[in-house]
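Quantities reported herein were computed from a predicted structural model and do not represent experimental measurements. These values consider heavy atoms only, across backbone and side chains, with no hydrogens, waters or symmetry-generated copies. Lettering follows sequence order; numbering is per chain, from 1.
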There are 2 protein chains.
Amino acid sequence: MTFTYDYARPALTVDCVVFGLDDHDLKVLLIERKLKPFRGKWALPGGFVRVGESIDHAARRELKEETGLEKVFLEQLCTVGNPLRDPREHVVTVAYYALVRLSDHRVHAATDAAQALWFSLDDLPKLAFDHDDILNTAHQRLRSKLRYQPIGFELLPKKFTLRQLQALYEIVLNRELDKRNFRKKILKMGVLEETDEIESDVAHRAARLFRFDRQAYRRMTRRGFHFEI
Amino acid sequence: MTFTYDYARPALTVDCVVFGLDDHDLKVLLIERKLKPFRGKWALPGGFVRVGESIDHAARRELKEETGLEKVFLEQLCTVGNPLRDPREHVVTVAYYALVRLSDHRVHAATDAAQALWFSLDDLPKLAFDHDDILNTAHQRLRSKLRYQPIGFELLPKKFTLRQLQALYEIVLNRELDKRNFRKKILKMGVLEETDEIESDVAHRAARLFRFDRQAYRRMTRRGFHFEI
DNA sequence: GATTCATAGTGTTGTTTTCACACTAAGTCG
DNA sequence: CGACTTAGTGTGAAAACAACACTATGAATC
């Protein structure tokens, strides 16, 4: 079956920059392409948008199909449509970025992906298409957005210690923060709820666990509160 | 002539939210649609992306064709692709926003637009498609971006008084600012260059004219400087 | 040419926020 | 019980912010 239109149309795809955090590193999920063009090269997971599905849906679907990831925090990044970015024809792609904690997800390649692997951000292969550019844009966006939106909590367990939270900010922002100032600042905001639990299985004094209070955050946001680290 | 593909493709369009500033008001440029669907309704200027042109180019081209505007500051806003947003078929649109000073541009409707008119932001008609949503998103983005990127200068003449600059911020941010604090803050940044001219044709003491020093701004940005009003 | 009028232009002070910095407390491990 | 590791806490100096009112200049009017 084929589809015929009165005017030529660019193809439309979605691509996902998935950031994953473990205890020390920020990584990004890439797939090895099974098909031409760029067969055997590493690329962002993604694929064609189907008629009748929203682009957000397409992004989630492709991410799940190719890497097995689902139910992740996913946000639109930008759309790139240089007509020469794909050697075959004019392909416009809507890029998304996602945040996950590595320990929560097992990835497994499927469909058009020969492999799906986490790469450290400072040890990346050359990517297919203009995916390097997209990845850089996503990394910058992650850094700047982390500072004024509480998206970092997507990268942590439900309950976490302040030390974990601080480490997250230090890894993504790539600079050290002062422990006391950090704690004062984040606690004063009132978006963290102290639980009565402490971490376990540590070989030293256990730290208190906190939880992000999304309700409080939303309430405060409506009243003009501005989150910022 | 027709075009045939193996898989169905959504149509791809661009739409522009053009903000215009006069001395007192922030306005937005709308066109009256000449064609179905929503014939006779007001909408954002925009149209189909052609194969072989970049999406930025498509946005500029459509804006010029339908309203006569060209050489404006134009930046990508977001992409919306709900399959039901257009009653005809699945149409994905890349939205842009633009900033102009009203006095610099005469608009004139053409091609698919029966009229092109500036509307005050608090007196808008109901728009075609989901253009209300796009417009709201653009307005929010303008407000927040104005604070931490020096895009406001796009809305002023090359040389301007500090009073004009402050008025711009007050109009877009919709709150009053203290004259002395505003002047101190913006001058201390060092991104304004004082000219040796003063404004003319005013019936009172004339104010000094300043110019935005883009070079200085770029230099400082590379060194980690962070613009913020 | 004196007066009026409108806007330009300027400083100070108290408050808040930021930043730099070091020790004690608690729990584990041997 | 001593050594080790991380949790948890406060203070002071510097910078940024917010609130606030008067004098200076030039044009217009009489």
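Of the two residues near DNA chain C, A:Asn181 and A:Val202, the one whose nearest nucleotide lies more 5' is A:Asn181. Comparing B:Asp178 and A:Lys179 by the nucleotide of DNA chain D whose heavy atom lies nearest to each, the residue mapping closer to the 5' end is A:Lys179. Toward the 5′ end of DNA chain D lies the nearest nucleotide of A:Arg208, the other residue of the pair A:Arg208 and A:Lys184 mapping further downstream.
No N or O donor and acceptor, one from the side chain of B:Arg205 and one from the base of C:dA6, sit under 3.5 Å apart. In terms of polar N and O atoms assigned as donor or acceptor, the side chain of A:Lys188 never comes within less than 3.5 Å of the base of C:dT18 in a complementary pairing.
Atom CG in B:Leu165 sits about 13 Å away from atom P in C:dA8, given to the nearest Å. Atoms CD1 (A:Ile186) and P (C:dT18) sit 13 Å apart, rounded to a whole Å. Here C:dC19 presents its P atom at 15 Å from CD of A:Glu176, a figure rounded to the nearest Å. Nucleotide C:dG9 holds its P atom 10 Å from the CG atom of B:Leu187, rounded to whole Å. Atom CZ in A:Arg175 sits about 12 Å away from atom P in C:dT18, given to the nearest Å. Between the P atom of C:dT7 and the CG atom of B:Leu162 lies a distance of 16 Å, rounded to the nearest Å. Separating the NZ atom of A:Lys185 from the C1' atom of C:dT16 is a distance of 13 Å, rounded to the nearest angstrom. Rounded to whole Å, atom C1' of C:dT10 lies 16 Å from atom CZ of B:Arg163.
In summary, A:Arg147 and A:Glu228 engage in a salt bridge, as defined by a charged side-chain N under 4.0 Å from a carboxylate O.
At distances below 3.5 Å, not a single donor-acceptor pair connects side-chain atoms of B:Thr67 with backbone N or O atoms of B:Val107. Using modelled atom types, no side-chain atom of B:Gln166 and backbone atom of B:Arg163 make a donor-acceptor pair closer than 3.5 Å. Here the side chain of B:His105 pairs no donor or acceptor atom with the backbone of B:Leu69 at under 3.5 angstrom.
A heavy-atom distance below 4.5 Å is not found between the side chains of A:Val49 and A:Val94.
With a cutoff of under 4.0 Å to any heavy atom of chain A, the contacted region of DNA chain D is bounded 5' to 3' by D:dT5 to D:dT11.
Ring-plane geometry between A:Phe227 and A:Phe225 is classed as perpendicular, the angle between the planes exceeding 60 degrees on a 0 to 90 degree scale with a lower cut at 30.
Checked against A:Arg208 for a salt bridge (Lys or Arg N to Asp or Glu O under 4.0 Å), the options A:Glu194, A:Glu197, A:Glu199 give a single hit: A:Glu194.
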